[in-house]
Amino acid sequence: GAVVSQHPSRVICKSGTSVKIECRSLDFQATTMFWYRQFPKKSLMLMATSNEGSKATYEQGVEKDKFLINHASLTLSTLTVTSAHPEDSSFYICSAPPWDSARTDTQYFGPGTRLTVL
Amino acid sequence: AQKVTQAQTEISVVEKEDVTLDCVYETRDTTYYLFWYKQPPSGELVFLIRRNSFDEQNEISGRYSWNFQKSTSSFNFTITASQVVDSAVYFCALSEARRYGGSQGNLIFGKGTKLSVKP
């Protein structure tokens, strides 16, 4: 079945540094990918929609200069948390639904990246 | 605006009991998709079911069953004869539909229900 990978699975960084998280669709192409954020014991909140070859669309309240998204190819989207602070510590999950009409039965989620900012 | 409400924050049952997780949604779209996901402590989301708004048939998959009631905007999930391995957080989610079929992919999640099944 379709697989979405994320790298790294876990990252600890110092306050003020930038962290890049990769989301890859391994056996299908995805013109659109979605980034979600989940605080401890909370729900998943959609942060942004990553569009291949064009600018990402951010949800209301999400700082686009803080969370840089680049969808450089049909299988890779990256989320960069710039100048990370402790309040950015969270679980970040991407999803990459395939646009093949034969496989629209689910959204494929990555395993998530746990970011801890000290 | 779209919204998903899971009123039950936490549920605790004893193994072999049946348990129903409630989900109520709001949308103005006539075509939409509903989902249930399981999130074990590892954090990875496990897909359970997707249902489109035109398919109101209830579904059963092993010990799992889903009751979709469009009239009450509910999509409830029942686990029969619960097991300890069912312990997890369960999320109900809603998404818009693409023009030519399938989900848009941008899911709106409920707050989740934490299910604890004790031996």
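Order of the sequence lines fixes the chain letters, A, B, ..., with proteins taken first and strands second; residue numbering starts at 1 for each chain.
Proximity of the aromatic rings of Phe109(A) and Tyr37(B) is defined here by a centroid distance below 6.0 angstrom, and this criterion is met. Checked against the 6.0 Å centroid criterion, the rings of Phe67(A) and Tyr58(A) do not qualify as a close aromatic pair.
Judged by distance alone, the side chains of Asn106(B) and Glu59(A) never bring a donor and an acceptor atom under 3.5 Å apart.
For the pair Arg114(A) and Phe91(A), the cation-pi test (distance below 6.0 Å, angle within 45°) is passed.
Taking Gly43(B), Ala93(B), Ser42(B) one by one and counting their heavy-atom pairs under 4.5 Å with chain A, the maximum is reached by Gly43(B).
Only the side chain of Gln39(B) comes within contact range of chain A, judged by heavy atoms closer than 4.5 Å. With a 4.5 angstrom heavy-atom cutoff, Gln38(A) touches chain B only via side-chain atoms.
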